[in-house]
Amino acid sequence: MTEPADDADARASAAAAEEAARRRRLAEVFGDVLPETSSDEPRPSGRDDRWYEENRPPHHGG
């Protein structure tokens with residue numbers, strides 16, 4: 001037997017609301033766990049890879 005679409009939508013909506021509430025409570029206790037930007041995003045300084053290669057320390061090889 002399958003459940004009516006309205007019941008499935010209501011359950012999905014309730015689950016999403018519970019998950020959002022759980023995340024909100026965790027954020028209140030622990031703060032932001034993940035940084036806003038990741039390491040693979042563009043560099044804010046505008047420097048390209050060439051600058052980093054030219055200024056690479058000798059112990060990093062290359």
Side-chain angles (χ1 to χ4, degrees):
M1 240 181 170
T2 61
E3 60 186 58
D6 290 339
D7 288 343
D9 291 342
R11 287 183 189 203
S13 180
E18 288 177 19
E19 178 66 16
R22 184 185 73 81
R23 289 180 182 267
R24 199 170 32 256
R25 286 191 307 271
L26 284 172
E28 288 173 2
V29 174
F30 297 107
D32 290 332
V33 176
L34 299 175
E36 291 295 320
T37 57
S38 65
S39 62
D40 63 342
E41 292 186 30
R43 295 181 178 110
S45 66
R47 294 180 175 153
D48 60 1
D49 287 339
R50 188 180 62 166
W51 184 91
Y52 289 95
E53 290 170 5
E54 291 171 355
N55 292 285
R56 179 180 4 198
H59 63 277
H60 282 268

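Residue indices begin at 1 and follow the sequence shown.
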Problem - CZ on Arg24 to CD on Glu19, rounded to 0.5 Å - result: 11.0 Å

Problem - Separation of Glu54 CD from Arg50 CZ (nearest 0.5 Å) - result: 5.5 Å

Fill in the blank from the handout: In Arg22, Arg23, Glu28, the residue satisfying side-chain contact (heavy atoms from CB on, under 4.5 Å) with Leu26 is Arg22

